[in-house]
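Notes follow the structure.
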Amino acid sequence: MRLTKLILIGFMGSGKSTLAKLIAERIGFTVIDADHEIVKISEYSSISEIIQKSNEAHFRDLESQVAASLQLASSVVIATGGGVIGRAENMRHLTHGGGAVVFLDTSFAEACRRIPDRSSRPLLHDLVTAERLYNERLAVYQHYADFTVITDTKTLEMICSEIITWLNTHYEL
Ligand code: S3P
């Protein structure tokens with residue numbers, strides 16, 4: 001089976017954007033960073049501005065619009081925002097026409113360690129609420145994952161090759 005899309009899911013700080021670039025380079029795909037696409041179709045200049053000056057519901061609608069626009073994308077690695085799994089339609093659109101979903105499983109403590117400056121992540125401002133969100137989402141990420149990589153103690157290089165090895169055993173690249 002040919003791989004059309006690789007979709008990276010996981011909590012903030014799990015490394016989706018960085019890994020998407022690395023993997024795309026290795027397998028000759030184009031990277032799409034969903035958060036960047038959301039900012040492009042908004043009237044704001046950053047995700048935090050969208051959420052703070054408008055509201056989270058508006059941000060989620062834009063996120064859904066971007067997911068819908070990617071239904072027919074192919075030969076792409078998509079770095080999603082951590083909350084994309086909140087609407088089932090987003091995942092249906094992202095995986096439309098095939099697509100492998102890889103969950104970057106990072107502990108809450110490690111995710112916070114990787115984002116020392118939380119100002120760009122409005123949903124990480126209050127750590128108690130953020131940890132509750134993390135715990136609620138974990139089962140949802142697991143539900144959508146075709147493959148899960150535990151990332152905490154691994155280098156980017158290790159995670160990247162683990163994903164590519166898995167892809168090679170399941171798809172023609
Ligand atoms: C969010 C994650 C962020 C961004 C927005 C909301 C979330 O993306 O989409 O701040 O709900 O988890 P990253 O996962 O790339 O940080």
Side-chain angles (χ1 to χ4, degrees), residues 5-24 29-70 73 76-95 99 101-145 147-152 154 156 159-160 163:
K5 297 180 232 178
L6 174 63
I7 299 133
L8 300 183
I9 61 171
F11 203 66
M12 293 168 266
S14 59
K16 300 177 297 284
S17 301
T18 314
L19 278 160
K21 281 190 210 132
L22 259 181
I23 298 169
F29 276 24
T30 305
V31 193
I32 296 180
D33 195 305
D35 281 348
H36 293 172
E37 301 305 311
I38 293 168
V39 172
K40 276 196 225 160
I41 62 164
S42 79
E43 54 192 293
Y44 300 100
S45 60
S46 69
I47 297 285
S48 36
E49 217 184 74
I50 301 174
I51 296 180
Q52 276 154 2
K53 295 201 176 153
S54 180
N55 53 48
E56 190 184 337
H58 178 56
F59 167 74
R60 295 299 169 200
D61 288 343
L62 295 174
E63 184 172 53
S64 294
Q65 263 186 53
V66 166
S69 75
L70 295 173
V76 291
V77 181
I78 303 171
T80 61
V84 78
I85 43 89
R87 290 185 182 174
E89 65 177 83
N90 293 345
M91 295 309 290
R92 215 171 33 246
H93 288 145
L94 288 172
T95 56
V101 179
V102 172
F103 169 35
L104 302 175
D105 188 348
T106 305
S107 68
F108 183 70
E110 176 64 17
C112 292
R113 200 186 59 76
R114 290 184 194 165
I115 310 178
D117 174 15
R118 300 199 303 274
S119 58
S120 64
R121 307 293 211 290
L123 302 185
L124 264 189
H125 289 176
D126 170 6
L127 286 184
V128 174
T129 313
E131 188 166 15
R132 194 176 316 127
L133 190 63
Y134 176 94
N135 290 326
E136 283 166 11
R137 284 181 179 172
L138 202 53
V140 189
Y141 292 130
Q142 285 160 351
H143 166 77
Y144 285 115
F147 182 57
T148 296
V149 189
I150 309 266
T151 75
D152 275 25
K154 295 173 189 160
L156 287 170
I159 301 165
C160 182
I163 294 172

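Counting starts at 1 for both ligands and their atoms, in listed order. Here the structure is a predicted model, which is why all the values come from computation and not from measurement. Quick note: residue numbers are just sequence positions, from 1.
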Output all residues satisfying salt bridge (charged side-chain N to carboxylate O under 4.0 Å, His left out) with Lys21, sequence neighbours left out; order by chain, then residue number. none

What pairs meet the salt bridge (Lys or Arg N to Asp or Glu O under 4.0 Å) rule with one or both residues in residues 114-130, with sequence neighbours excluded? Glu110-Arg114

Could you tell me if the side chain of Cys160 sits less than 4.5 Å from the side chain of Leu19, heavy atoms only? yes

Under a strict 4.0 Å criterion on non-hydrogen atoms, which protein residues are in contact with ligand 1? Met12, Lys16, Asp35, Ile47, Phe59, Arg60, Gly81, Gly82, Gly83, Arg121, Leu123, Arg137

What's the shortest heavy-atom distance between Thr106 and Ala111, and which atoms? CG2-N, 3.8 Å

Evaluation steps, salt bridge (charged side-chain N to carboxylate O under 4.0 Å, His left out), between Glu136 and Arg132: CA-CA 6 Å; Glu136 283 166 11; Arg132 194 176 316 127; 5.5 Å; no

Tell me, please, which residues at least two apart from Tyr141 pass ring pair (Phe, Tyr, Trp, His ring centres under 6.0 Å). Phe103

